[in-house]
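Shown next, in structure tokens, is the structure this report addresses.
Predicted model only: the values in this text are computed from it and were never measured. Count residues from 1 along the sequence.
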Amino acid sequence: GVTMANVEIGLQQATPIITDNKDESSGRQAPPIDPESIEDKIRRLTPPEFLPLVNQLLLARSKGILNPSRSDIGRDLARADKDVYKRARATKFADYALLAKEASIIEFAPNNSWITLHPRFRQEFDAPKSSIPSTNHSNNPPTPQNNISRAKSSSTAPTPPPSTASQDTTKLAPLKPSPPPVVPIPLCFQPLITCMSKIHKNGLAKPFPSTVGLVIGPEIYSKAGASSLTEYFSQAVDAGVVQCGGDSGHAWVRLHPDVMSGKRSC
């Protein structure tokens, strides 16, 4: 699902860089890591009240629009999130954009006709070109984490680590795959699936739950019998529709691979 799409996008972006790279395999591993981690890093550095704006600019960027017009972004923001200005204590887009500029989130065109991400964010997108040779570093981090979690599990039960470890895996393994294929997805999650598919197509692999909430709106989750967006997402996780997680303190949500692949539907 997501990862394949990312690989394709990443490969297209990276081809001009790879050509002069002798070792093609290392070039091929780089793309899925770079695009997403850059966006996640930018989001992590953005104050919450300006996240909707940064998400719109990242969305535009994923469509190839690096300097979207102020009016387009203002219109899309207002449509996606009615309270966006209120949260930043602004009354209209002009004030909000000015606050974002003062916070070094965006820059204006000389004649104010367009806005773009601040250079400190834009340089993140240029950085991978120079760091392509060192992509191996970005591939390494997962291993230490695995070691840590292994160390933890063995330290809790030092006496027979191999047997307990194998029991855990056998206990967990059958649980996950068996329920989804049989159970059809409840219809109340159809709007969520439609919305998430669109967001994924636009290049956001792990959008914030709040971003998705802005698009689907309260009617959808109250129809599903949920009193809040959080409750709706936890129902969707239980139903195997989405997966939720957090990277460095920021929550994200994405469609379950079975839903992405079309194995399960409403």
Side-chain angles (χ1 to χ4, degrees), residues 2 5-6 8-17 31 33-132 195-217 247 250 252:
V2 182
N6 277 2
E8 283 163 30
I9 295 164
L11 279 175
Q12 288 161 14
Q13 288 170 348
T15 36
I17 305 151
I33 292 159
D34 289 341
E36 193 186 323
S37 59
I38 294 167
E39 291 182 342
D40 283 351
K41 184 176 178 183
I42 290 174
R43 290 198 190 99
R44 192 176 71 241
L45 297 169
T46 302
E49 66 271 25
F50 298 123
L51 263 173
L53 174 61
V54 165
N55 278 330
Q56 290 293 344
L57 289 169
L58 287 173
L59 203 59
R61 196 183 177 94
S62 71
K63 297 174 187 166
I65 307 163
L66 301 188
N67 299 332
S69 82
R70 278 177 64 121
S71 54
D72 286 354
I73 292 290
R75 190 186 59 238
D76 292 346
L77 255 183
R79 190 185 300 149
D81 184 354
K82 287 190 268 305
D83 299 328
V84 65
Y85 306 143
K86 203 188 297 173
R87 282 201 300 275
R89 296 192 171 82
T91 49
K92 55 183 192 291
F93 182 66
D95 305 338
Y96 178 71
L98 204 59
L99 288 168
K101 181 176 188 270
E102 284 165 8
S104 301
I105 305 295
I106 57 167
E107 280 204 324
F108 296 161
N111 62 357
N112 278 359
S113 61
W114 49 260
I115 57 177
T116 185
L117 285 169
H118 192 273
R120 70 190 174 116
F121 292 150
R122 292 206 307 276
Q123 73 191 15
E124 296 290 339
F125 284 97
D126 303 332
K129 292 178 189 165
S130 54
S131 68
I132 272 233
C195 160
M196 293 292 295
S197 305
K198 269 190 206 143
I199 292 175
H200 288 333
K201 275 198 193 88
N202 283 332
L204 290 178
K206 293 177 176 176
F208 289 110
S210 54
T211 308
V212 180
L214 296 173
V215 183
I216 54 176
D247 292 334
H250 280 285
W252 53 258

Legend entry - Contact summary for H200 and P207, nearest pair of heavy atoms: CE1-CD, 4.1 Å

Legend entry - Distance-only polar pair, side chains of N202 and S62, donor-acceptor under 3.5 Å: no

Inset, instruction - With sequence neighbours excluded, tell me which residues meet salt bridge (charged side-chain N to carboxylate O under 4.0 Å, His left out) with R120. - result: none

Legend entry - Residues in ring-ring contact (aromatic ring centres under 6.0 Å, His included) contact with Y96, at least two apart in sequence or another chain: F50, Y85

Legend entry - E39 to G203 - nearest heavy-atom pair and separation: OE1-O, 3.6 Å

Inset, instruction - Could you check L45 against F121 for side-chain contact (heavy atoms from CB on, under 4.5 Å), going step by step and ending with a plain yes or no? - result: CA-CA 9 Å; L45 297 169; F121 292 150; 3.9 Å; yes

Legend entry - Residues which pass side-chain hydrogen bond (donor to acceptor under 3.5 Å, both in side chains) with N67, listed by chain and number, not counting sequence neighbours: T116

Inset, instruction - Could you tell me which residues satisfy salt bridge (charged side-chain N to carboxylate O under 4.0 Å, His left out) with K63, sequence neighbours excluded, listed by chain and number? - result: none

Inset, instruction - State, to 0.1 Å, how close L99 and A88 come at their nearest heavy-atom pair, and which atoms those are. - result: CD1-O, 3.3 Å

Inset, instruction - Evaluate the side-chain contact (heavy atoms from CB on, under 4.5 Å) criterion for residues R61 and I65: first the C-alpha distance (whole Å), next the side-chain angles of each, then the deciding distance (0.1 Å), finally the verdict. - result: CA-CA 5 Å; R61 196 183 177 94; I65 307 163; over 6 Å; no

Legend entry - Contacts of type ring-ring contact (aromatic ring centres under 6.0 Å, His included), residue F93, not counting sequence neighbours: none

Legend entry - Nearest atoms (heavy-atom pairs only) where A100 meets L53: CB-CD2, 3.6 Å

Legend entry - Minimal non-hydrogen separation, T91 against D95, with atom names: OG1-OD2, 2.8 Å

Inset, instruction - Could you go through the side-chain contact (heavy atoms from CB on, under 4.5 Å) check for H118 and I105 one step at a time? - result: CA-CA 5 Å; H118 192 273; I105 305 295; 5.7 Å; no

Inset, instruction - Evaluate side-chain contact (heavy atoms from CB on, under 4.5 Å) for R122 paired with E107, printing each intermediate quantity in order. - result: CA-CA 11 Å; R122 292 206 307 276; E107 280 204 324; 3.9 Å; yes

Legend entry - N112: partners by side-chain hydrogen bond (donor to acceptor under 3.5 Å, both in side chains), with sequence neighbours left out: none

Inset, instruction - Indicate the atoms forming the closest heavy-atom contact of L214 with A80, along with that distance. - result: CB-O, 3.0 Å

